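Small disclaimer: the values here were computed from a predicted structure and weren't measured. Counting convention: from 1, in listed order, for ligands and their atoms alike.
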Amino acid sequence: MFADLVLYNIGQLVTSRELDKAKKMDNIEVIENNGYIVIEKDKIVAVGSGEVPKEYLTPATEMVDLSGKLVTPGLIDSHTHLVHGGSRENEFAMKIAGVPYLEILEKGGGILSSLKSTRNASEQELIDKTLKSLRHMLELGVTTVEAKSGYGLNLEDELKQLEVTKILGYLQPVTLISTFMAAHATPPEYKNNKEGYVQEVIRMLPIVKERNLAEFCDIFCEDKVFSVDESRRILTAAKELGYKLKIHADEIVSLGGVELAAEIGATSAEHLMKITDSGINALANSNVIADLLPATSFNLMEHYAPARKMIEAGIQIALSTDYNPGSCPSENLQFVMQIGAAHLKMTPKEVFKAVTINAAKAIDKQDTIGSIEVGKKADITVFDVPSMAYFLYHFGINHTDSVYKNGKLVFKR
Ligand SMILES: O=C(O)CC1=NCN=C1
Ligand SMILES: [Zn+2]
């Protein structure tokens, strides 16, 4: 085995390798100094500290001295509404004036505003717009992104969003994991026929699946959006077709979506700002990943999910942006991490675990990415800071120095 690339003289090397199988948030390996990573083609072949083992080295090996910088697995943004047309800055003033998110939606704004601009956008317009967001995400150290549909809300436009996501995966280096989310809101044409739309979503499921356009199915289980029963019907139909499941739960009102996630075996339950003790108990006794979105709390000026309580209960937490044109119009996962530290009271190891191996679990990719371990993909991010603590303390700028995807340098500041 000969190395194509060696990264050495690393400051803190956050491998995110889990030191045990306990459902804890601080049990990841951190090599404190002088770390190295040996890469052959697209895979990691050795990780350690001190002298790089000579048996891997050849005259052709590229040796990169990282001069004490922080190194982590490529960051994973496990919850985004990436592909969408238009923007909703016109609603920002309403939000600041205290108009509730669900009231804006009920008045035909919110998701339904993004619906109009997404339906009116061509595939090329969506591709061009989303390439810019993906460039921001890459430069912020992100190498894998989950991307939900849900602004088409009819078969033609849902397929358009999902096709755009697929095409984007070939046009730039960030890996895209696709989620079908036609159950995001009820479109105007079904305004007085909610049941008809639930049946239409169920009719779309096999079509999307046979085109291999989505790995996950997600639903907005929320007051005045989709009830727990409607969510159960759609997710059960999706599960029978082979979809893995996600659920937006307890964002604004706690309906019992979290308990449904545990009952139905969802991969993840997301938002959880209003999670109850019963929901915490249900998740603690399941393998469901709790994907928290603190930048959405920040932007909606809502309170934050009770992360500390969830961590004490043994729940596995991921953190992601929820990037979307309404409740969180920001691609900045680094800022999410800094909010996670300051407002969710998460420790550095907990925060970095939440955007690496736990985010990989939230998209069921923990066997190939999410940690710097032998045999895993060489998705690696270098930050121009000495430690996790400094990264979280110095907020609001981009700390990325360089990003490697499948062992290749894809960004250098
Ligand atoms: O408002 C949006 O566009 C995205 C969103 N879906 C559920 N919560 C937020
Ligand atoms: Zn969302």
Side-chain angles (χ1 to χ4, degrees), residues 77-92 94-95 99-119 121 126 129-130 133 145-153 157-158 161 165 177-187 214 216-227 230-231 245-255 257-258 261 266-274 289-302 305 318-331 333 336 359 362-363:
D77 195 346
S78 54
H79 177 133
T80 82
H81 303 260
L82 180 70
V83 178
H84 56 266
S87 56
R88 287 158 37 195
E89 64 274 28
N90 62 312
E91 297 174 1
F92 191 53
M94 293 160 77
K95 187 166 51 188
V99 180
Y101 173 89
L102 291 177
E103 192 177 314
I104 296 173
L105 178 58
E106 266 188 300
K107 288 179 177 158
I111 294 168
L112 299 179
S113 161
S114 296
L115 176 140
K116 288 188 201 93
S117 31
T118 303
R119 285 183 174 180
L126 292 175
K129 178 176 193 299
T130 315
S133 288
V145 169
E146 183 262 5
K148 305 173 194 294
S149 68
Y151 293 114
L153 307 191
D157 292 299
E158 283 294 310
Q161 271 191 279
T165 303
I177 305 296
S178 191
T179 296
F180 174 63
M181 192 174 180
H184 196 196
T186 301
F216 290 87
C217 178
D218 193 344
I219 185 161
F220 190 13
C221 180
E222 183 58 71
D223 190 30
K224 303 189 184 73
V225 189
F226 291 98
S227 68
E230 289 163 342
S231 302
L245 308 178
K246 290 175 172 289
I247 184 165
H248 279 58
D250 292 13
E251 180 180 359
I252 314 287
V253 176
S254 174
L255 296 182
V258 171
T267 303
S268 62
E270 325 211 322
H271 276 290
L272 315 185
M273 289 144 66
K274 302 284 173 46
I289 298 293
D291 205 330
L292 305 184
L293 317 167
T296 301
S297 300
F298 166 85
N299 188 51
L300 290 180
M301 297 162 255
E302 280 274 355
L319 291 178
S320 50
T321 59
D322 189 22
Y323 171 57
N324 73 78
S327 64
C328 193
S330 174
E331 296 94 333
L333 187 58
V336 169
I363 52 171

Open item on the list: On a heavy-atom basis, which atom in Cys328 and which in Thr321 lie closest, and how many Å separate them?
Closed with: SG-O, 3.2 Å

Open item on the list: Ignoring hydrogens and geometry beyond distance, is a side-chain donor-acceptor pair present between His271 and Asp250 at under 3.5 Å?
Closed with: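 No, no side-chain donor-acceptor pair sits under 3.5 Å.
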
- [ ] Scan side-chain atoms only and decide if Ser78 and Asp291 contain a donor-acceptor pair under the 3.5 Å cut-off.
- [x]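 Indeed, the side chains of Ser78 and Asp291 share at least one donor-acceptor pair under 3.5 Å.
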
TODO: Can you sort out which atoms of ligand 1 are near Ile111, meaning under 4.0 Å from one of its heavy atoms?
DONE: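 Numbered from 1, ligand 1 contributes 1 (O), 2 (C), 3 (O), 6 (N).
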
- [ ] Find all atoms of ligand 1 within a distance of less than 4.0 Å from any non-hydrogen atom belonging to Arg88, and give their numbers and elements.
- [x] 1 (O), 2 (C), 3 (O)

- [ ] Quick one: look at Glu222 and ligand 1, take heavy-atom pairs under 4.0 Å, and tell me if it's side chain, backbone, both or neither.
- [x]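 Near ligand 1, Glu222 shows nothing, with every heavy atom at 4.0 Å or more.
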
In the protein, what heavy atom is nearest to [atom], and what distance, to one decimal place, separates them?
{"atom": "atom 5 (C) of ligand 1", "value": "Tyr101 OH, 3.3 Å"}
{"atom": "atom 8 (N) of ligand 1", "value": "Glu251 OE1, 3.0 Å"}
{"atom": "atom 3 (O) of ligand 1", "value": "Tyr151 OH, 2.6 Å"}
{"atom": "atom 6 (N) of ligand 1", "value": "His184 NE2, 2.7 Å"}

Open item on the list: Restricting to N, O or S atoms, which atom of Asp322 is closest to the Zn ion (ligand 2)?
Closed with: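 Looking only at N, O and S atoms of Asp322, the one nearest the Zn ion (ligand 2) is named OD1.
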
TODO: Determine which of the N, O or S atoms in His81 is closest to the Zn ion (ligand 2) and give its atom name.
DONE: NE2

Open item on the list: How long is the straight-line distance from CD1 of Ile177 back to CD1 of Ile363, given to the nearest 0.5 Å?
Closed with: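 These two atoms lie 4.5 Å from each other.
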
- [ ] Determine, using heavy atoms of His84 and all atoms of ligand 1, whether some pair is separated by less than 4.0 Å.
- [x]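 It does not; every heavy atom stays at 4.0 Å or beyond.
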
Task: Expected output: side-chain Lys224 to main-chain Glu103 donor-acceptor under 3.5 Å - done: no

Open item on the list: Is there a side-chain contact between Gln161 and Asp157 in this structure, where contact means two heavy atoms from C-beta onward sitting under 4.5 Å apart?
Closed with: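 No, too far: nothing below the 4.5 Å cut-off.
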
- [ ] Please examine the side chains of Arg88 and Ile104, heavy atoms only from C-beta on, and report whether any two atoms are closer than 4.5 Å.
- [x] no

- [ ] Would you mind checking if Glu146 and Lys148 are paired as a salt bridge, meaning a charged N to carboxylate O distance below 4.0 Å?
- [x] yes

Open item on the list: So, 2.8 Å as the limit: is an N/O/S atom of Cys328 located closer than that to the Zn ion (ligand 2)?
Closed with: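 No, Cys328 does not qualify, because none of its backbone or side-chain N, O or S atoms lies under 2.8 Å.
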
Open item on the list: Let me check your reading of the structure: within less than 2.8 Å of the Zn ion (ligand 2), is there an N/O/S atom from His271?
Closed with: no

